[in-house]
Peer 1: 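Sending over a structure as C-alpha cells; questions will come in a sec.
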Amino acid sequence: MRYLILSDIHSNLTALDAALEAAKGRWEEAVCLGDVVGYGPDPNEVIDKLRALGAFAIRGNHDKAVSGLADAEEFNPVARAAALWTREQLSPENREYLEKLPTGPVSRNGFSMIHGAFHDEDEYVFSPALAVDGLLSTPTDISFFGHTHIQGGFALRGEDIQVLHPTPPGANLFSNFHPESGTKYLLNPGSIGQPRDGDPRAGFAIADIDSQSVEFWRVGSDIEAVQQRMRAAKLPEARLHRWACGR
Ligand code: ZN
C-alpha cells in the first residue's frame, strides 16, 4: 500500500492542491500528522478536502487550540490571532471534525504517526538528542512526525543516530529514500502549508512500507494567491514574509 503522508497543512488550500495534483495516481491512502488548520486562510476548504479524500488524521497543537480543547493563550500573538479567526470561520461540522481528531501517537499499517514528540505532541524534535526518546519508544521501525515544518529526520542503528537530509534539490520533485532493516526511523515529510526549512515548496512524502521506499517531495505553489487571501481575511501578515522564503 502506498501512503500519502501530509503534515502541517495550516489552512493552505493552494499548497495542498498543488501537492495533490503532483502526487495524483501515485498513492492509495492519505494520512495527516496534524496542524490541519492555523495561520492560513482556508480552514474549511482544507478540512473539506481531507474529508473528501478519506484521510486518516491525528491532531496537532493548532487543531487543539482552534477547536477549544487547548488554550490559545499559550500561542505567540500571530498564532493566537489566527487561531481565534479560524475558530470563527469553521462550520459546525468542521469544528466537530477537529475536536474528534485522535491524539497521537497512532500506530497502524506498519508505521507510527506522531505530531510533535512521541511523549508530548507539543514538543519539537529538532536534533538527535531530542529524537532519541521517540526512536527508542516507537513500536514500529518507521515513524512519521511533523510540527517542526522541516523535511528530513533521524535514523537509529545500534547506538548511532544519523540526521537525514532527503529534500530533493533544485527542480527535482522528489528524492527516493530506502529505509534499511535493523534501523529505526523518525521521518518528517515536511510542511504542506508553511515550510520552515528554507525551501518554500510544499513538502510531503509517499511511503510504501512493504517495499521499504519513502519518497520525499517538494512542489511549488502560488504563494502570492495565498498572501492575497490572507490580506483579504485580515490575518496577521508577519507570517507572510517568512512563508515566501520558506522560514
Ligand atoms: Zn505546524
Side-chain angles (χ1 to χ4, degrees), residues 4-16 19 30-43 45-47 49-50 55 57-67 69-87 90 97-98 101-106 113-118 120-126 130-131 134 143-153 167 186-205 216-218 221 223 226 230 235-236 238-247:
L4 176 67
I5 319 282
L6 307 168
S7 191
D8 298 278
I9 302 168
H10 284 295
S11 298
N12 184 339
L13 183 68
T14 302
L16 178 59
V31 303
C32 178
L33 310 173
D35 281 2
V36 175
V37 298
Y39 294 129
D42 317 305
E45 292 81 355
V46 165
I47 297 174
K49 185 135 290 182
L50 286 186
I58 59 170
R59 77 176 185 192
N61 52 317
H62 285 259
D63 307 320
K64 196 168 53 169
V66 166
S67 60
L69 295 172
D71 200 342
E73 293 303 310
E74 287 171 21
F75 275 12
N76 67 59
V78 171
R80 185 165 63 238
L84 298 177
W85 177 88
T86 303
R87 203 180 282 176
L90 285 180
Y97 171 89
L98 286 186
L101 284 179
T103 309
V106 171
M113 297 168 58
I114 304 163
H115 181 64
F118 186 82
D120 185 347
E121 62 190 341
D122 296 338
E123 277 296 316
Y124 292 89
V125 178
F126 281 123
L130 296 168
S143 303
F144 293 96
F145 73 105
H147 199 38
T148 62
H149 299 206
I150 295 171
Q151 190 173 57
T167 293
L186 267 181
L187 302 175
N188 191 321
S191 166
I192 289 285
Q194 199 187 96
R196 290 180 197 154
D197 51 7
D199 183 339
R201 296 178 296 170
F204 63 95
F216 286 89
W217 284 69
R218 293 310 277 254
S221 65
I223 292 173
V226 181
M230 287 183 71
L235 276 160
R239 285 274 158 190
L240 292 183
H241 309 293
R242 282 184 64 171
W243 214 330
C245 52
R247 292 284 174 196

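FYI, the numbering just counts along the sequence from 1. Only heavy atoms go into these numbers, but all of them, side chains included; no hydrogens, no water, no symmetry mates. All ligand and atom numbering here is 1-based and tracks the order in the structure.
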Peer 1: For a side-chain contact (heavy atoms from CB on, under 4.5 Å) with V37, tell me which candidate from I9, N12, V46, I47 qualifies.
Peer 2: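 The side-chain contact (heavy atoms from CB on, under 4.5 Å) with V37 is passed solely by I47 among I9, N12, V46, I47.
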Peer 1: Is there a donor-acceptor contact under 3.5 Å from the side chain of D8 to the main chain of H147?
Peer 2: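 Yes, D8 side chain to H147 backbone: donor-acceptor pair under 3.5 Å.
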Peer 1: Does D42 come within less than 4.0 Å of K49, counting only side-chain N to carboxylate O?
Peer 2: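 Not counted as a salt bridge, because no side-chain N and carboxylate O are separated by less than 4.0 Å.
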Peer 1: Can you give me the closest heavy-atom contact between A81 and P236, atom names plus distance?
Peer 2: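 Where A81 meets P236 most closely, the heavy atoms are CB-CG, 3.8 Å.
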Peer 1: Could you please give the number of protein N/O/S atoms within less than 2.8 Å of the Zn ion (ligand 1)?
Peer 2: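 If we list every protein N, O or S atom nearer than 2.8 Å to the Zn ion (ligand 1), we get 4.
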Peer 1: Measuring only between side-chain heavy atoms, which start at C-beta, is F216 closer than 4.5 Å to L187?
Peer 2: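 Contact flag for F216/L187 side chains = yes.
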Peer 1: Rounded to the nearest 0.5 Å, what separates atom CD1 in I192 from atom CZ in R201?
Peer 2: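 Rounded to the nearest 0.5 Å, the CD1-CZ separation comes out at 12.5 Å.
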